[in-house]
Amino acid sequence: MKSPLLSLPGAVPAEGVDEGVAAHYGDLFREQRALADGTGFVDLSHRGVVTVTGDDRLSWLHLLLTQHVSDLPTGQATEALILSAHGHIEHALYLVDDGSTVWAHVEPGTQDALIAYLESMKFFYRVEVADRTDEFAVVHLPAGSIADVPEGIAVREMAYGRDLFLPRADLESYAEKTGPAAGILAYEALRVENHRPRLGFETDHRTIPHELGWIGTAVHLQKGCYRGQETVARVENLGKPPRRLVFLHLDGSEVHLPGAGTEIRLADEAPDGRKIGFITTSVRHHELGPVALALVKRNVPLDARLLADTTAAAQEVVVEP
């Protein structure tokens, strides 16, 4: 779905999964600084929007999600996962309940598969699931923003900002009042800085929640059964995940930024040494320079010198080994 805000001055369209919104509006670092200072907004209108209504919505979702939501207070934001039977991450949902409806935004293009799964699990529960992507657009306001929030809309408020479920017809008029606009690349740079994983970026077909630090924020360890819980409990109580998320400081003298999928090796081994991980997201940060998130094998020493292809990298711990 192409955003009308791509008509704003300087807008450069994003590519790949974020196609449909702006990558930036002409000055990536200015846009990052604006968000870090609590000004402006990010157009996330390409993300899927799903709602669940009905008297049983919270108790029903509680059976399906990794998060404890049966008693979710009205207006409290949370995030949750849907796992496969083997505990691998299939969906990530960013939720809020407004008292009558659970609102969730999800990765672009994943809402159809999510809704198909939810529909298959309705049984006798009093719930209705709907795709609201055509009607509502997600807009992100950074932490510290004093921008007005329209009355009567669902809002997710987190430590790093607020997500608004804005009527899509109001997107352009809201942008005029709330600017300056920041592109998805600025939003991604701050996401990487704050070590927040993203489905389809930090995940692959075998990722489990422990590897990304999603235990606690998206996975509740004291709730009842859900699909994939056996794997979550087994790893939590008896073992360690095979991989762990790390934050990388990349050599700033390199012109080339190693992209997602770039293999990581130990710098002390030969150039064709064994692969010990790969970059999941890399960005240029307005203060930190080139940085990245990566998945590496759990037993990689914390002080190991790393190479992402030919680029030197130093790691910071995100998930403890």
Margin query: Between Asp37 and Thr39, does the side chain to side chain donor-acceptor pair (under 3.5 Å) criterion hold? Intermediate values first, please.
Written below: CA-CA 6 Å; Asp37 291 340; Thr39 59; 5.7 Å; no
Item checked: Positive for side chain to side chain contact (heavy atoms under 4.5 Å, CB included) with Met121, one of Leu61, Leu63, Ile82, Leu64 -> Leu64
Let me check something: any side-chain donor-acceptor pairs from residues 180-191 under 3.5 Å, sequence neighbours excluded? List them with distances.
from	atom 1	to	atom 2	distance (Å)
Glu188	OE1	Arg191	NE	3.3
Glu188	OE1	Arg191	NH2	2.8
Glu188	OE2	Arg191	NE	2.8
Glu188	OE2	Arg198	NH1	3.3
Arg191	NH1	Arg196	O	2.6
Arg191	NH1	Glu202	OE1	2.8
Arg191	NH2	Thr281	OG1	3.1

Checklist line | Residue Glu236 excluded, over 12 heavy atoms near CD under 6.0 Å | finding: yes
Item checked: CG (Asp148) with more than 12 external heavy atoms under 6.0 Å -> no
Checklist line | Steps toward side chain to side chain donor-acceptor pair (under 3.5 Å) verdict (Asp309, Thr311) | finding: CA-CA 6 Å; Asp309 193 11; Thr311 301; over 6 Å; no
Check: Is atom NZ of Lys2 surrounded by more than 12 heavy atoms (other residues, nucleotides or ligands) closer than 6.0 Å?
Finding: no
Checklist line | Heavy-atom pair with the smallest gap, counting every atom of Leu248 and Ala313 | finding: CD1-CB, 4.2 Å
Next item on the list: Flag the pair Glu320 and Arg244 as a salt bridge only when some basic side-chain nitrogen lies within less than 4.0 angstrom of an acidic carboxylate oxygen.
Entry: no
Note to self: If you apply the rule side chain to side chain donor-acceptor pair (under 3.5 Å), what do you find for His105 with Arg47, and how did you get there?
What the structure shows: CA-CA 6 Å; His105 65 79; Arg47 292 183 65 82; 2.9 Å; yes
Check: Residues two or more places apart in sequence or in another chain: which of them pass ring pair (Phe, Tyr, Trp, His ring centres under 6.0 Å) with His220?
Finding: His68
With a cut-off of 3.5 Å and sequence neighbours excluded, list every side-chain donor-acceptor pair involving residues 9-17.
none

Margin query: Taking Glu211 first and then Arg298, would you say they form a salt bridge - that is, a charged N and a carboxylate O separated by under 4.0 Å?
Written below: no
Notebook entry, point to check: Considering residues at least two apart in sequence or located in another chain, which fulfil the ring pair (Phe, Tyr, Trp, His ring centres under 6.0 Å) criterion with Phe136?
Noted result: Trp103
Notebook entry, point to check: Below 4.0 angstrom, N of the basic side chain to O of the carboxylate: do Arg243 and Asp204 qualify?
Noted result: yes
Margin query: Tell me if a side-chain donor or acceptor on Thr207 pairs with a main-chain N or O of Ile89 at a distance below 3.5 Å.
Written below: no
Next item on the list: Check the pair Ser173 / Asp170 against side chain to side chain donor-acceptor pair (under 3.5 Å), numbers first and verdict last.
Entry: CA-CA 6 Å; Ser173 61; Asp170 298 341; 4.8 Å; no
Notebook entry, point to check: Do other residues, nucleotides or ligands put more than 12 heavy atoms under 6.0 Å from Glu316 CD?
Noted result: yes
Notebook entry, point to check: Listed by chain and number, what are the ring pair (Phe, Tyr, Trp, His ring centres under 6.0 Å) partners of His249, not counting sequence neighbours?
Noted result: Phe247
Next item on the list: Inspect the surroundings of CG in Leu302 and state if more than 12 heavy atoms from other residues, nucleotides or ligands are less than 6.0 Å away.
Entry: yes
Checklist line | Taking every non-hydrogen atom, the tightest pair across Val291 and Leu288 | finding: CG1-CB, 3.8 Å
Check: Taking only residues two or more places apart in sequence or in another chain, which ones pass ring pair (Phe, Tyr, Trp, His ring centres under 6.0 Å) with Trp214?
Finding: none
Item checked: Identified side chain to side chain donor-acceptor pair (under 3.5 Å) counterpart of Gln32 within the set Glu287, His286, Glu193 -> His286
Note to self: To check you understand the geometry: which heavy-atom pair defines the closest contact between Tyr25 and Asp43, and what is its length?
What the structure shows: OH-CB, 4.4 Å
Note to self: I need the minimum non-hydrogen distance between Glu19 and His46, along with the two atoms involved.
What the structure shows: O-CB, 4.0 Å
